[in-house]
Amino acid sequence: ASTAGPLRPCGPSSGTVAAIGARSARVTWDGRLNSGGLSGAWSLAVSSLAAGRQSGAAAAFGRGVYFSGGVNGGVASEVFVSSVQTDGTLLSWRATSGLPAPRHSHAMAAWRNVLYVTGGFDGSARPTVWYAPILADGSVGEWRTTTPLPAPRFRHAMAVHDGRLYVAGGDNGVFAQATVYYADIQ
């Protein structure tokens, strides 16, 4: 069964999308949107991640697609970026500033040239919230820590809307959670 979540537009106005599943990111796919969804079959993107990775997080901002953390033998802290071209194809993934600590099953979102990472797992569920600027060349600047989540979360969902981060559901290391938290972005 597929673990890919809802599609999020991340390309130019042509409607290109990049989908990276919440629990798997072994390959990157793209497709074209029409008013009713995809207008054609999925195609394998020319530029896949450098290695198989599961339980990482992905976000898109401007022409950048970002992938962080995950598991490939061990828990990873690397962050990779690719650029969406005008025809919707991706350039090769390149390493950029890594997370301050290894994480998997975390969430990532972007708002106004800043990436946000919440929660995750590294042997324990974490309430950590990190943020880093997206630089002019698309790379990621230095990660910083900000106000943590009220409780540890991993395998959760995160969205950003109108200057507010929302974190929903997930696992606290004991039980599945129904709680939704939000915080305004400064």
Side-chain angles (χ1 to χ4, degrees), residues 1-12 15-31 33 38 42-72 75-85 88-122 126 128-135 137-141 143 153-161 165-171 185:
S2 172
T3 58
L7 301 178
R8 302 287 184 239
C10 69
T16 301
V17 296
I20 300 179
R23 300 196 36 102
S24 177
R26 193 165 183 105
V27 213
T28 304
W29 304 91
D30 70 15
L33 290 177
L38 291 176
W42 286 98
S43 302
L44 181 62
V46 174
S47 180
S48 294
L49 296 171
R53 194 66 63 96
Q54 64 183 10
S55 302
F61 185 82
R63 291 201 172 280
V65 178
Y66 299 84
F67 182 87
S68 65
V71 178
N72 183 6
V75 181
S77 61
E78 292 95 351
V79 176
F80 299 96
V81 59
S82 180
S83 296
V84 180
Q85 301 306 290
T89 60
L90 296 174
L91 290 179
S92 295
W93 292 87
R94 67 184 195 278
T96 187
S97 299
L99 299 175
R103 286 291 187 273
H104 73 80
S105 303
H106 55 294
M108 185 164 60
W111 175 257
R112 294 194 176 163
N113 290 52
V114 178
L115 284 175
Y116 295 88
V117 169
T118 58
F121 195 86
D122 64 356
R126 299 293 177 187
T128 312
V129 179
W130 294 315
Y131 68 99
I134 298 171
L135 305 177
D137 67 357
S139 63
V140 177
W143 289 94
R153 287 292 180 272
F154 68 104
R155 297 182 184 149
H156 58 287
M158 181 169 63
V160 63
H161 176 71
L165 287 176
Y166 296 87
V167 171
D171 191 326
I185 298 171

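Atoms considered below: every heavy atom in the structure, side chains included; atoms not considered: hydrogens, waters and symmetry mates.
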Q) Y116 versus M108: any side-chain heavy-atom pair under 4.5 Å? A) no
Q | Residue pair F67, R53: steps toward the side chain to side chain contact (heavy atoms under 4.5 Å, CB included) verdict | A | CA-CA 10 Å; F67 182 87; R53 194 66 63 96; 3.3 Å; yes
Q) Which atoms form the tightest heavy-atom contact between S139 and T96, and what is the distance? A) CB-OG1, 3.4 Å
(Q) I want to check something: taking the side chain as every heavy atom from C-beta on, are S83 and R94 in contact at a cut-off of under 4.5 Å? (A) yes
Q: Grab the two heavy atoms, one from A109 and one from L165, that are nearest each other, plus how far apart they are.
A: CB-CD2, 4.4 Å
Q. Which value, rounded to the nearest 0.5 Å, describes the distance between I185 atom CD1 and R112 atom CZ?
A. 8.5 Å
Q.
Check whether W143 reaches the backbone of S97 with its side chain - one donor and one acceptor, N or O, closer than 3.5 Å.
A. yes
Q | N72 side chain vs G52 backbone, donor-acceptor pair below 3.5 Å | A | yes
Q. Given V140 and L135, is the side chain to side chain contact (heavy atoms under 4.5 Å, CB included) satisfied, shown in steps?
A. CA-CA 6 Å; V140 177; L135 305 177; over 6 Å; no
Q) Of the non-hydrogen atoms in V81 and G138, which two are nearest, and what is the gap between them? A) CG2-O, 3.6 Å
Q: Might you point out which heavy atoms bring G69 and H106 nearest each other, and give the distance in Å?
A: CA-CE1, 3.9 Å
Q.
Between W93 and V65, is the side chain to side chain contact (heavy atoms under 4.5 Å, CB included) condition met? List the steps.
A. CA-CA 9 Å; W93 292 87; V65 178; 3.7 Å; yes
Q. Looking only at heavy atoms, what is the nearest atom pair of S68 and V79, with distance?
A. CB-CG2, 3.8 Å
Q: Take F61 and L115 through the test side chain to side chain contact (heavy atoms under 4.5 Å, CB included) and record every step on the way to the result.
A: CA-CA 9 Å; F61 185 82; L115 284 175; 5.6 Å; no
Q) What are the two closest heavy atoms between V75 and R103, and how far apart are they? A) CG1-N, 3.4 Å
Q: Look at the aromatic rings of H104 and F121 and report parallel, tilted or perpendicular, splitting at 30° and 60°.
A: tilted
